[in-house]
**Q** 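Got a structure for you, written out below as structure tokens; questions coming shortly.
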Amino acid sequence: MPEGPELHLAALYVNRVCDGLRFGGKVEKSSVSKNPEVPFSCAEYTISAVSRGKEVKLILTPVRGAAEAACVVFRFGMSGNFKLTPEDEMPKHAHLRFYSLDVPRQVLCFVDARRFGSWEYNGAWQRERGPCVMTECDKFRENVLKHLSDKPFDKPICEVMLNQKYFNGIGNYLRSEILFRLKIPPFMPARTVLEGVKNGSQSEGLSLSKKVKIKKENPDFLQLCSLVPLEVIQLGGYTPGSKREDYTVLMQWMQCYYAPGMNNLRDSNGRTVWFEGEPGPLVPKGRKGQKKRKSVDIKPVKVETKATKRKATRGKSTAVKKECKEEVKAEAGVETAVKRKRAKMADISSEDDKVTNKGARGKRPQRGKKTVDEPQVKICRRSSHQSPMPKTPAKRGKSTKQQSAEAPTPKSRPRRLKADVGNQPLNSPKLKTRRSAVRTSKKKS
DNA sequence: CGTCCACGTCTAC
DNA sequence: TAGACCTGGACGG
């Protein structure tokens, strides 16, 4: 879960669940973690939290006595989070544990399956990280505009957005969502995009109040870097670590990341960027080392994924690979094959409809018609899943002819279509995977 | 069973 | 600018 909003929500979570709780004794580290011990020990202390960008600071405050207050600064890596549980329900991968004085004891755990997360005892916010995009909007903006002549801004905007020196809190899904709102091609040179922001291209010669109004209604790129993450924080029902976590809310909120109909490419660091329309001029060329693309090759009638495609491409010349890459762009065109493919998908989806709850189907937003300040709740159904960031693309409200008719020009699809459990009661015995649906449909035909 | 992929840094060549 | 660092879910065979 961990981009800026998730870190912020984690801090809110800690403050909520630890409110009024007393902790005591030693802080325990799992033996497997390579992070440092936290040599804090105190008979009685409280825990609170603050976040800044992609860091969270836990503050340990002794209740009485001479002990000094301490803190631990966390980074979440790809899978970090906090969770308060009864001691006997400690989750797997709980790498740092703060014990409460309750009977039975409770534990505030730093849970991190992949162990990319880190912490520092009595550490400070990392010096190299810029101001928080969500909680220090003005400083954040200033820090970017002040450094436009720096070298990093030679790069594509999508890559600079992951540079925490300037965009502390933005991560891979946020960059796609933000660029999507303004339809900025991800591989536009960052400086070009930001010079436009600096010059406030929108409202020459208007009265101040008009300017303010326009600013509010049409947030520029840097404002969106604050507003879009703030939207995520505002999403109801989305509370990481709690029992009430409901990640479907986040998935439904996403308009671009892993969304059907969106394009994707690898940036020069091998990270997948999702976008609509043109990629922009600085697309990494088919250099070796570039990771494989993820969208689906549409031509074959049989359901073929990029993965299989890639396998077929493996070992071929760079030129051939490049050609394949060009295909991604070519997919922009709606050819017969695409139609056939989509029709097939529609059939499959209808098939799904027989076993799943129809729920929000057909209520997908119209892509490409949104305005930037449009309210959030886009109904773009994805599967419910334990993680807001499923390992594989959550299948979204793909279903149906209606979708194909609506979506202007779907160019690529998520490579994988995971189990279609969307809107399906989680324990339903009838739960049917996308894959099995495909099989069934094949048998029939 | 094996392969691919994932919300992020880090550091070594 | 490759990898390394990790686990685990989805999918393909």
Side-chain angles (χ1 to χ4, degrees), chain A residues 1-10 30 32-35 53-56 73-81 91-95 111-120 126 128-129 155 159 161-165 167-178 228-229 232 238 240 247 250-251 253-254 256-258 264 266-274 284-285 287-296 302-312 314 383 385-395 414-421 431 433-439:
Chain A
M1 12 269 72
E3 296 185 22
E6 287 75 21
L7 282 272
H8 189 79
L9 287 165
S30 74
V32 68
S33 170
K34 291 173 184 163
N35 280 303
K54 275 188 228 173
E55 296 182 303
V56 175
V73 174
F74 291 84
R75 264 145 272 136
F76 280 13
M78 294 284 258
S79 56
N81 210 348
K92 218 175 162 187
H93 309 298
H95 296 300
V111 184
D112 183 12
R114 295 182 70 181
R115 276 184 270 145
F116 293 171
S118 59
W119 65 76
E120 200 183 337
Q126 271 187 331
E128 315 76 61
R129 309 186 80 105
K155 294 188 174 179
E159 292 176 17
M161 288 176 83
L162 295 185
N163 185 338
Q164 304 296 300
K165 190 174 169 187
F167 293 85
N168 190 5
I170 301 299
N172 204 23
Y173 82 75
L174 283 172
R175 71 168 173 180
S176 290
E177 295 299 321
I178 292 164
V228 172
V232 178
Y238 174 53
Y247 297 126
L250 178 62
M251 293 186 245
W253 169 88
M254 288 175 181
C256 180
Y257 186 80
Y258 262 133
N264 69 77
R266 294 296 174 131
D267 70 16
S268 71
N269 300 306
R271 304 269 258 143
T272 307
V273 206
W274 291 81
K285 292 282 189 275
R287 304 159 300 122
K288 70 169 182 189
Q290 185 184 7
K291 295 196 188 164
K292 43 280 163 169
R293 60 208 169 87
K294 291 173 43 169
S295 46
V296 169
K302 126 182 165 201
V303 178
E304 187 181 19
T305 65
K306 290 251 174 181
T308 57
K309 176 84 189 179
R310 200 184 329 112
K311 277 180 193 166
R314 222 177 257 161
S383 97
H385 191 276
Q386 290 89 343
S387 162
M389 219 50 62
K391 312 293 175 272
T392 52
K395 189 201 142 225
R415 200 191 132 238
R416 276 168 215 228
L417 297 161
K418 62 172 264 177
D420 181 12
V421 292
L431 194 147
T433 65
R434 181 64 157 191
R435 206 166 138 201
S436 64
V438 170
R439 284 203 195 110

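Convention: sequence-line order gives letters A, B, ...; per-chain numbering from 1.
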**Q** Is the phosphate of B:dC5, meaning OP1 or OP2, less than 4.0 Å from a side-chain N or O of A:T272?
**A** no
**Q** Quick one: is A:Y258 getting a side-chain N or O under 4.0 Å of the B:dC5 phosphate, OP1 or OP2?
**A** no
**Q** What is the distance from CG of A:N172 to P of B:dC5, rounded to the nearest Å?
**A** 14 Å
**Q** Starting at CG of A:N163 and ending at P of C:dT1, how long is that distance when rounded to a whole Å?
**A** 14 Å
**Q** What are the two closest non-hydrogen atoms of A:P5 and A:G169, and how far apart are they?
**A** CD-O, 4.2 Å
**Q** Tell me every residue that passes side chain to side chain contact (heavy atoms under 4.5 Å, CB included) with A:H95, counting only those two or more places apart in sequence or in another chain.
**A** A:S30, A:V32, A:S33, A:H93, A:D112, A:R115, A:W119
**Q** Apply the test side-chain contact (heavy atoms from CB on, under 4.5 Å) to residues A:R266 and A:T272: give CA-CA distance (whole Å), side-chain angles for both, the deciding distance (0.1 Å), then the verdict.
**A** CA-CA 4 Å; A:R266 294 296 174 131; A:T272 307; 3.2 Å; yes
**Q** So A:W274 and A:Y258, would you call those rings parallel, tilted or perpendicular, with 30° and 60° as cut-offs?
**A** tilted
**Q** A:N172: what forms a side chain to side chain donor-acceptor pair (under 3.5 Å) with it, not counting sequence neighbours?
**A** A:R175
**Q** In whole angstrom, give the distance that lies between atom CZ of A:F76 and atom C1' of C:dC5.
**A** 19 Å
**Q** Does A:E120 have any side chain to side chain contact (heavy atoms under 4.5 Å, CB included) partners at least two apart in sequence or in another chain, and if so, which?
**A** A:R75
**Q** Determine: side-chain N/O of A:R115 to OP1/OP2 of C:dT7, distance under 4.0 Å, yes or no.
**A** yes
**Q** Round to a whole Å and report the spacing from CZ of A:F74 to P of B:dG8.
**A** 18 Å
**Q** Give the nucleotide from the list B:dG8, C:dG8, B:dC5 with an atom nearest to the side chain of A:R266.
**A** B:dC5
**Q** Which pairs, protein N/O on one side and nucleotides 9-13 of chain B N/O on the other, fall under 3.5 Å?
**A**
{"unit_1": "B:dT9", "atom_1": "OP1", "unit_2": "A:R129", "atom_2": "NH1", "d": "3.2"}
{"unit_1": "B:dT9", "atom_1": "OP1", "unit_2": "A:R129", "atom_2": "NH2", "d": "2.8"}
{"unit_1": "B:dT9", "atom_1": "OP2", "unit_2": "A:K54", "atom_2": "NZ", "d": "2.4"}
{"unit_1": "B:dC10", "atom_1": "OP1", "unit_2": "A:R75", "atom_2": "NH1", "d": "3.2"}
{"unit_1": "B:dC10", "atom_1": "OP2", "unit_2": "A:Q126", "atom_2": "NE2", "d": "3.4"}

**Q** For A:M161 and B:dG8, what is the distance between atoms CE and P respectively, to the nearest whole Å?
**A** 12 Å
**Q** Once you round it to whole Å, what is the distance between P of B:dG8 and OH of A:Y257?
**A** 8 Å
**Q** Considering residues at least two apart in sequence or located in another chain, which fulfil the ring-ring contact (aromatic ring centres under 6.0 Å, His included) criterion with A:F167?
**A** A:F140
**Q** Quick one: is A:K92 getting a side-chain N or O under 4.0 Å of the C:dT7 phosphate, OP1 or OP2?
**A** no
**Q** What's the separation between atom CD in A:E3 and atom OH in A:Y173, rounded to the nearest 0.5 Å?
**A** 5.0 Å
**Q** Contact between A:M254 and A:E177 at the side-chain level, heavy atoms closer than 4.5 Å - yes or no?
**A** yes
**Q** Rounded to the nearest Å, what distance is computed from the CE atom of residue A:M78 to the C1' atom of nucleotide B:dG8?
**A** 6 Å
**Q** Suppose you measure atom C1' in B:dT9 against the same atom in C:dG9; what distance do you get, rounded to whole Å?
**A** 23 Å
**Q** Which stems does DNA chain B form, counting runs of 3 or more consecutive Watson-Crick or G-U wobble pairs with both distances under 3.5 Å?
**A** B:1-6 with C:7-12, B:8-12 with C:1-5
